Amino acid sequence: MQKPSLPKGTRDFGPLQMARRNYILDVIKDTFQLFGFQQIETPSLENLSTLTGKYGDEGDQLLFKILNSGDFLKDLTPEDLPKGSAANLTKLSEKGLRYDLTVPFARYVAMNRNELSFPFKRYQIQPVWRADRPQKGRYREFYQCDADVVGTESLLCEAEIILMIRRVFAKLGLKDYAIKVNNRKILTGIAEAIGEQGKEGPLCVAIDKLDKIGWEKVKEELVQRGFGEASTQKLLPLVNLAAGVKERLALLTQFLSQSPIGLQGVQELEAVFRLLEQLGANLDHVDFDPMLARGLSYYTGAIFEVKVNGVSIGSVSGGGRYDNLTGVFGLPGVPGVGFSFGVDRLYDVLEELNLFPVDRLAGTQVLLTHFDQVGFDYGLGCLTAMRDAGVKAELYPEVTKLKKQLEYASKKELPFVGICGDEEIASGTLMLKNLATGEQEALSLTDAIAKLKGAE
RNA sequence: GUGAUUGUAGCUCAGUUGGUUAGAGCGCUGGUUUGUGGAUCCAGAGGUCGCCGGUUCGAGCCCGGUCUUUCACCCCA
């Protein structure tokens, strides 16, 4: 016998976990649909050519590759072997598991360009796989819930993303969180303004750690990455920012006065906030963070990241605007903006904050029990009548002691048990017992059904 | 990819300087009760101590390797 085990970084989901996860997914789906997004799905497998080169070198390393079917070594010659696995990859594997939902979506848009009407709003809820080292809030298989709009530059999309995030969080009972927003153009502008034009890439990587390691360490890293002492010093006004979105926008307008692109970023953000106002919304939970940088290199406009306060889980949602996502698939000039919820992290957050509703496990309402074959047969008729009436019912499938049947109901936390004994059969009734209170009463089948429906 | 960390019954964990037959609680099964469950009581089942190798008269304990768990870094949801 072998010991059963799971691959690293993967998990089973039992009935309780599934109920909870579906609770989260229902809220997200409902929200996406309310804002006019349509669902699509793409295959778990993509051609490796679709996936590679889209996530940077590190991302390519984290792709799960699938060995070719059949004799996967047949194309390999003895001369190939010393070249190493990377050089021979194309001969061994031509498919991989998807790494995120955005790239498969870009592929989908490029392939279906003639059928789609733009702007196209789609959502997609599917697992993705990354060959990461697992740790807290990080798994090798996890769900993403993406919503993207492609084919428009309208900043209404950005405003709606903020509204959707707030709706989902409100429905889930999350109150203490921050939607950090920034604009990639502002980061570009900052690089210009400090005299390190074009170096926003490394600037982002270093600045991203500001929360974690503090300004002094970030400064060290910047110098290490080739930034001048004078340039880093110029960043200082941005490190200790005044509170308030409006104040920060004003500060940035001044800071970026010599950078047209930076100013454009500020104006875009202002436009988004103005749209929110016109939509009748406020800026609650919105936090303009000019130092917010996201790793993914394809963002060109707005950037989002959502962090729940007071929990030890990383960001639970993120996204941004990109100018040209489908360009690599031969369809240039399709701008888009999208974001994603990390359900597994949301799950961890809700669990840590104890925010899952308790009565979510809407399972069987009543278990029909019996003492012998006669009671079992009687129960079969009751069972059908109950199900026809829409009552979630089950009949204990074996003839056995009542004690065992009650224990089963008790363990499954069923609210009711309907006992089918000789006395009940003789009088055409059912002994309906409330397992929480212990009370029981003999009711006709129709009365029992009425009571069960009333107790829902 | 780098550095730590973990692994003993279904679960949570004890296990002395290496010493004979490996322990507890919970859970599970059966009984006390042949029409009544959820903290009564009684009894019982269940472990090649992650795996492979080494040291030793002798290894759950020491050493090496490997897998696994958890965590930090990198990166990310």
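Chain naming here is simple, since letters A, B, ... match the order of the sequence lines and numbering starts at 1 in each. Computed from a predicted structure; not experimentally measured.
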- Please state how far atom NZ in Lys411(A) lies from atom P in rC26(B), giving the value in whole angstrom units. 15 Å
- Message: Applying the 5.5 Å / 30° rule, does Phe371(A) stack onto the base of rG35(B)?
- Response: no
- Item | Under 3.5 Å donor-acceptor pair, Gln440(A) side-chain atoms to rU36(B) base atoms | yes
- Is a donor-acceptor contact shorter than 3.5 angstrom present between the side chain of Lys433(A) and the base of rU36(B)? yes
- Task: Decide yes or no for Ile24(A) and Val27(A): does some side-chain heavy atom of the first lie under 4.5 Å from some side-chain heavy atom of the second?
- Result: no
- Message: If the cut-off is 4.0 Å, is Lys401(A) near the phosphate of rG31(B), judged by side-chain N/O to OP1 or OP2?
- Response: yes
- Message: Under 6.0 Å from the ring centre and within 45 degrees of the ring axis: does the NZ or CZ of Arg21(A) meet both conditions for the six-membered ring of Phe13(A)?
- Response: yes
- Item | Among rC74(B), rA72(B), rA77(B), the nucleotide that comes nearest once only the side chain of Lys136(A) is considered | rA72(B)
- Note on the structure: Among the nucleotides rG35(B), rU69(B), rU36(B), whichever has the atom closest to the side chain of Glu423(A) is rG35(B)
- Task: State whether Lys8(A) places a side-chain N or O below 4.0 Å from either non-bridging phosphate oxygen (OP1 or OP2) of rU68(B).
- Result: yes
- Query: Is there a donor and acceptor pair closer than 3.5 Å between the side chain of Ser410(A) and the base of rG38(B)?
  - Reply: no
- Message: From C-beta outward on Phe142(A), which listed nucleotide comes closest to its side chain: rC28(B), rA77(B), rG35(B)?
- Response: rA77(B)
- CG of Asp422(A) versus P of rU36(B): gap in Å, rounded? 14 Å
- Item | Charged tip of Arg122(A) within 45° of Phe105(A) ring normal and under 6.0 Å | yes
- Checking rG37(B), rG3(B), rC76(B) against the side chain of Arg133(A) (C-beta onward), the nearest is rG3(B)
- Message: What I want to check is whether an N or O donor and acceptor connect the side chain of Glu413(A) with the base of rG37(B) at under 3.5 Å.
- Response: no
- Please state whether the rings of Tyr396(A) and Tyr408(A) are parallel, tilted or perpendicular, taking 30° and 60° as the class boundaries. perpendicular
- If the plane angle is over 60° it's perpendicular, under 30° parallel, otherwise tilted; pick one for Phe37(A) and Phe32(A). tilted
- Task: Using the P atom as the reference point in each nucleotide, state the distance between rA24(B) and rG15(B) in Å, no decimals.
- Result: 15 Å
- Out of rG35(B), rC28(B), rC76(B), minimum distance to the side chain of Ile419(A) belongs to rG35(B)
